[in-house]
J.: 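One structure, pasted below without further comment.
Quick note: numbers below take in every heavy atom, side chains included, and nothing from hydrogens, waters or symmetry partners.
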Amino acid sequence: MKLLLTFLILSLPFNANSAAIAISLKCKAISYIVCEKRCQVLDQKLPSLLIDVGNSKIERKTEKTIKLSITNIQKIEETHSTLMSFKKLNKNQEESSIEGFVNIDKFQNFTSSMTNNKLTWISAGKCKQK
């Protein structure tokens, strides 16, 4: 099944102006901001993202690993980028406890925003094929 999904993704028409999204990407932040009442720049424990489009999942690592499900992938032609939204559900699977997005441009630069009911985390950096 995974082989079939990989073949289907690779056989889609490629647009040179769209973001280059591989099956798996490893992204490392170079900037990191956390906002509660006020926003502050953090320079320690910069987050990294492991994105697996084939399995529709993202693993976000800082102090601990958070596993997120990709809910939508969309090409944005105006900015030549790919936008992925994600969420992590509470244990009762009714309400999302964390949600956000990752935007990756054609040069594989990324911007990510993640929120829950108290905090917002914003990071930016560079991705490469895993």
Side-chain angles (χ1 to χ4, degrees):
M1 183 67 175
K2 190 173 182 178
L3 183 61
L4 178 61
L5 182 60
T6 302
F7 175 75
L8 288 174
I9 290 172
L10 292 175
S11 65
L12 292 174
F14 177 73
N15 183 347
N17 291 327
S18 295
I21 296 296
I23 299 299
S24 296
L25 292 174
K26 185 174 184 178
C27 304
K28 182 69 179 168
I30 57 174
S31 65
Y32 187 31
I33 300 170
V34 175
C35 305
E36 188 172 10
K37 293 181 181 177
R38 295 175 47 186
C39 296
Q40 63 185 83
V41 176
L42 299 180
D43 57 359
Q44 295 180 345
K45 297 184 181 175
L46 296 174
S48 62
L49 303 174
L50 295 175
I51 301 172
D52 190 336
V53 176
N55 285 335
S56 296
K57 68 180 183 179
I58 296 175
E59 290 186 9
R60 185 182 189 279
K61 297 182 178 187
T62 47
E63 299 85 18
K64 63 179 182 175
T65 299
I66 301 172
K67 296 186 181 205
L68 305 155
S69 298
I70 298 173
T71 56
N72 190 26
I73 300 174
Q74 179 180 358
K75 296 281 186 189
I76 310 297
E77 295 300 328
E78 294 82 5
T79 58
H80 308 298
S81 62
T82 300
L83 180 66
M84 289 177 272
S85 57
F86 58 80
K87 67 181 173 180
K88 178 183 179 200
L89 295 176
N90 285 327
K91 293 187 183 205
N92 62 12
Q93 300 291 315
E94 292 176 10
E95 297 180 18
S96 61
S97 59
I98 295 175
E99 56 189 2
F101 72 90
V102 177
N103 189 65
I104 302 174
D105 70 14
K106 66 181 177 180
F107 303 110
Q108 293 188 344
N109 299 308
F110 83 92
T111 305
S112 176
S113 176
M114 188 171 76
T115 61
N116 68 9
N117 55 359
K118 295 181 181 179
L119 293 171
T120 299
W121 300 268
I122 302 166
S123 57
K126 187 76 176 166
C127 299
K128 62 181 180 179
Q129 286 187 336
K130 188 176 169 190

J.: Under 4.5 Å between side-chain heavy atoms, chaining through other members, with only Ile, Leu, Val, Met, Phe, Trp and Tyr counted: pull out the rest of the cluster around Ile33, sorted by chain and number.
T.: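 Taking Ile, Leu, Val, Met, Phe, Trp and Tyr as members, Ile33 shares its hydrophobic cluster with Val41, Ile122.
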J.: Answer yes or no: is there a side-chain heavy-atom contact under 4.5 Å between Leu50 and Ser24?
T.: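 No. Closest side-chain heavy atoms not under 4.5 Å.
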J.: What closest approach, in Å, do Leu49 and Val102 show between heavy atoms, and which atom pair accounts for it?
T.: CD1-CG2, 4.0 Å
J.: Decide yes or no on side chain to side chain contact (heavy atoms under 4.5 Å, CB included) for Ile30 and Lys126, but give the supporting numbers first.
T.: CA-CA 8 Å; Ile30 57 174; Lys126 187 76 176 166; 5.8 Å; no
J.: Can you pull out every disulfide (SG to SG under 2.5 Å) where at least one residue sits in residues 99-130? Sequence neighbours excluded, please.
T.: Cys27-Cys127
J.: Closest heavy-atom contact between Phe86 and Ser113?
T.: CZ-O, 3.8 Å
J.: Kindly list each side-chain donor-acceptor pair under 3.5 angstrom involving residues 61-70, sequence neighbours excluded, with atom names and distances?
T.:
none

J.: Is the side chain of Lys28 donor-acceptor paired with the backbone N or O of Leu46 at a distance under 3.5 Å, no angle test?
T.: yes
J.: Give me the atom names and distance for the closest heavy-atom approach of Ser123 to Tyr32.
T.: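 Minimum heavy-atom separation between Ser123 and Tyr32: CB-CD1, 4.1 Å.
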J.: State which residues pass side-chain contact (heavy atoms from CB on, under 4.5 Å) with Leu119; sequence neighbours excluded, sorted by chain then number.
T.: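 In terms of side-chain contact (heavy atoms from CB on, under 4.5 Å), with neighbours along the sequence ignored, Leu119 is linked to Val34, Glu36, Asn116, Trp121.
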J.: Evaluate the side-chain proximity of His80 to Asp105: yes if any heavy-atom separation is below 4.5 Å, no if none is.
T.: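 No, side chains not in contact.
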J.: Are the side chains of Thr82 and Ile73 in contact, using a 4.5 Å heavy-atom criterion?
T.: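 Heavy-atom side-chain distance check passes, below 4.5 Å.
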J.: With sequence neighbours excluded, give me every disulfide (SG to SG under 2.5 Å) pair touching residues 57-87.
T.: none
J.: Does any pair with a residue in residues 41-81 pass disulfide (SG to SG under 2.5 Å), and if so which ones, sequence neighbours excluded?
T.: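 Not a single pair qualifies under disulfide (SG to SG under 2.5 Å).
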J.: Could you tell me which residues satisfy side-chain hydrogen bond (donor to acceptor under 3.5 Å, both in side chains) with Thr71, sequence neighbours excluded, listed by chain and number?
T.: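 Residues passing side-chain hydrogen bond (donor to acceptor under 3.5 Å, both in side chains) with Thr71: Ser85.
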